[in-house]
Amino acid sequence: MIEDVVKVLIKKIISSDYPHLKMPSVVFAKISSAKICGTYEVNDLTITDKTTEQTFSAQITADTFEYSLQVIDRFGNVDDSFPVLPGIKSKKPFQTGAVVAIAFVYGDIEPVIIGEVSL
């Protein structure tokens, strides 16, 4: 009987204090739309010519992207327990239809794209 009471209390505490433990922290998602939403710069780079060993200072300007993601299960089927996740930004370029791994860091509701995966 005491074990049942402890189980009920643990479930209640997890539901109220740690709701992110009830769902996986990393899931797969399919990119349903992608667009360029801005640029970023990386300064203070040094490039070395391997042949002559000369070094040159450099700067890179690259695009940032905004994605809409649809969470899928491990078999590629849409997971209807998640809504479409719009406005997810990343510096990594992905094509529409690509499958990526996303993480819900510390139970946050906005995911972070880890990278492309293949099922």
Side-chain angles (χ1 to χ4, degrees):
M1 174 143 165
I2 194 142
E3 288 179 15
D4 293 334
V5 172
V6 170
K7 286 180 184 178
V8 168
L9 288 174
I10 288 173
K11 285 182 182 180
K12 189 181 277 188
I13 290 170
I14 287 174
S15 293
S16 64
D17 295 350
Y18 308 101
H20 60 281
L21 294 178
K22 295 176 97 179
M23 66 180 220
S25 58
V26 177
V27 295
F28 295 137
K30 187 173 278 193
I31 304 228
S32 52
S33 72
K35 67 178 183 178
I36 296 172
C37 66
T39 59
Y40 69 98
E41 291 182 357
V42 179
N43 300 308
D44 300 325
L45 296 173
T46 303
I47 297 174
T48 303
D49 183 334
K50 289 184 177 181
T51 307
T52 64
E53 306 244 347
Q54 286 183 300
T55 60
F56 306 93
S57 60
Q59 170 185 332
I60 294 176
T61 302
D63 294 323
T64 56
F65 303 90
E66 186 174 295
Y67 300 104
S68 288
L69 306 174
Q70 178 64 60
V71 175
I72 58 176
D73 64 17
R74 70 182 75 182
F75 306 108
N77 304 311
V78 172
D79 186 342
D80 291 326
S81 64
F82 288 89
V84 173
L85 306 169
I88 308 306
K89 295 185 179 171
S90 177
K91 292 180 180 177
K92 296 180 181 180
F94 302 106
Q95 298 292 322
T96 300
V99 176
V100 294
I102 60 173
F104 296 93
V105 182
Y106 297 110
D108 196 5
I109 60 171
E110 186 171 332
V112 175
I113 298 173
I114 299 171
E116 191 167 359
V117 298
S118 41
L119 296 177

### Query
Nearest heavy-atom pair of Tyr67 and Pro93: which atoms, and what distance?
OH-CA, 3.3 Å
## Note on the structure
One should read off an interatomic distance between Ile72 CD1 and Asp80 CG, to the nearest 0.5 angstrom, of 12.5 Å
### Query
Say you draw a straight line from CD1 of Ile47 to CD of Gln59; how long is it, rounded to the nearest 0.5 Å?
11.0 Å
### Message
Nearest 0.5 Å, please: how far is CD1 in Ile88 from CD in Glu110?
### Response
5.0 Å
## Note on the structure
Heavy-atom nearest pair, Ser68 first then Gly87, reads OG-N, 4.4 Å
#### Entry: Heavy-atom closest pair, residues Thr96 and Ala34
OG1-N, 3.9 Å
### Query
Just how far is it from atom CG of Asp63 to atom CD1 of Ile36, taken to the nearest 0.5 Å?
4.0 Å
### Check against side-chain contact (heavy atoms from CB on, under 4.5 Å), Phe104 and Val27
CA-CA 9 Å; Phe104 296 93; Val27 295; 3.8 Å; yes
### Shortest non-hydrogen separation from Phe94 to Ile31 and the atoms involved
CB-CD1, 3.6 Å
### Task
Quick one: pull up NZ in Lys92 and OG1 in Thr64 and give me the separation to the nearest 0.5 Å.
14.5 Å
### Query
Taking everything shown except Leu9 itself, do over 12 heavy atoms lie less than 6.0 Å from its CG?
yes
### Query
Same hydrophobic cluster for Val99 and Leu69, using side-chain heavy-atom links shorter than 4.5 Å among ILVMFWY?
no
### Query
Nearest heavy-atom pair of Ser32 and Gln70: which atoms, and what distance?
OG-N, 4.5 Å
### Query
What's the spacing between Asn77 CG and Lys30 NZ if we round to 0.5 Å?
9.5 Å
### Query
So if you build clusters from Ile, Leu, Val, Met, Phe, Trp, Tyr with side-chain heavy-atom gaps below 4.5 Å, do Val6 and Ile13 land together?
yes
### Query
Looking only at heavy atoms, what is the nearest atom pair of Leu119 and Phe75, with distance?
CD1-C, 4.2 Å
